[in-house]
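Since the structure comes first, as structure tokens, the remarks are kept for the end.
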Protein chains: 2
Amino acid sequence: MDDIDSAIVRELQRDARQTNRDLARTLGIAPSTCLERVRALRQRGVITGYRATVDLRALGRPVQALLSVRIRPMSREVIEGFKAYLIGLPEVLNVYVVAGGDDFLVHVAVPEVDGLHSLLMDRFSGRREVVDFRSSVIYQHVTKDVVGPLVAG
Amino acid sequence: MDDIDSAIVRELQRDARQTNRDLARTLGIAPSTCLERVRALRQRGVITGYRATVDLRALGRPVQALLSVRIRPMSREVIEGFKAYLIGLPEVLNVYVVAGGDDFLVHVAVPEVDGLHSLLMDRFSGRREVVDFRSSVIYQHVTKDVVGPLVAG
DNA sequence: GCACGCACCGAATTTCGTTCGGCGGCTGCG
DNA sequence: CGCAGCCGCCGAACGAAATTCGGTGCGTGC
């Protein structure tokens, strides 16, 4: 994990579809070398995949929210079951299982504000393990690239 | 935005680096048609980019947390300034500007739990606009693909 | 019923990914 | 200090892919 690897990771986070040749040119190394580096990064598990990012507005789901959920009991079965349930919901984008005041933070996107209310009433309030929930509408959401290791790896 | 477009978006979220030929074969259309579709999706702003996903553990930042932050005053300048400040911090992965009890939710990743404490003390508690903050360690984080529009677009 | 337009297709061209043999530097040991 | 082994990088060659473009069929509106 040297400077070149970090640069590769940074570049591929910026644009995962740039050609290997372009990437190599940016880094000042040969394409074959670059390819070998990228393969090693994937095999080592540093790069886990490549994903297209979409505009939720363009997909007709402009309203995003974060749902704080408390569940009981906090057994492994209940937690895993609820997590699987959340992932199955089409509105769900991210699921955070957290320590502290809340147990789950659920990032959702819906077509309109009404859908948020429906979601809460139809999919959350009815479930027995859910003892409390609270929703926060998201005004802005910025996702940053991971620039690199904070400690030299 | 028909079924084919939805399938393209779904497939490219699963693997943004699969070849256009493979994608076309999956969809049962010609590669040239597929390419044209993908280009249109990008131009329409449905697909906003392609990003490599990385394993934070492999990058030496296994500890993730969500920081709830309240700031005052809630003026545009202060909000934008604080947001820009957050994005500049290398530990930050996501910034949510939210309504409700908290003003900001900040997703961070650090090398160790100590780093979390340092981050809070050094980067947050000193700032005058920050009136309150609270941190929740993340046990699990699942990111889902956006399967498609919830309403036919 | 006819003409227009749009989307799809398939072949041709260009570019790219991928492999492989060889080279240079670095390291560790004699 | 010299030598041998190794690892990573490079560049050319090959196969595969991206991209372009002209033709075609279908749906639509007049």
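Every chain is numbered from 1, with letters handed out A, B, ... down the list of sequences.
- Taking the centre and axis of the six-membered ring of Phe82(A), the NZ or CZ atom of Arg127(A) falls outside the cone set by 45° and 6.0 Å.
- The aromatic rings of Phe124(A) and Phe133(A) are tilted relative to each other, their planes meeting at an angle between 30° and 60°.
- dC8(C) atom C1' lies 15 Å from atom CZ of Arg39(B), rounded to whole Å.
- Atom CD1 in Ile29(A) sits roughly 15 Å away from atom C1' in dG17(C) (whole-Å rounding).
- Atoms CD1 (Ile4(A)) and C1' (dC10(D)) sit 13 Å apart, rounded to a whole Å.
- Between Thr33(B) and dC9(C) there is a side-chain N or O to OP1 or OP2 distance below 4.0 Å.
- Rounded to a whole Å, the CZ atom of Arg25(B) is 10 Å from the P atom of dA18(D).
- Taken to the nearest 0.5 Å, the CD atom of Glu11(B) stands 13.0 Å off from the CD1 atom of Ile4(B).
- One interatomic measurement links the two molecules: CE of Met1(A) to P of dG8(D), which rounds to 15 Å at whole-angstrom precision.
- Look at Arg37(A) and you'll find a side-chain N or O under 4.0 angstrom from OP1 or OP2 of dC9(D).
- Mapping Glu36(A) and Arg21(A) onto DNA chain D by nearest heavy atom places Glu36(A) at the nucleotide closer to the 5' end.
- A straight line from CG of Leu35(B) to C1' of dA7(C) spans 14 Å, rounded to a whole angstrom.
- Rounded to whole angstrom, the span from the CD atom of Gln18(B) across to the C1' atom of dA17(D) amounts to 14 Å.
- Mapping Arg17(A) and Ser32(A) onto DNA chain D via the closest heavy atom, the residue that lands nearer the 5' end is Ser32(A).
- Tyr50(A) has its OH atom 11 Å from the P atom of dG17(C), to the nearest Å.
- Checked by atom type and distance alone, the side chain of Tyr50(A) never pairs as donor or acceptor with a backbone atom of Leu12(A) at under 3.5 Å.
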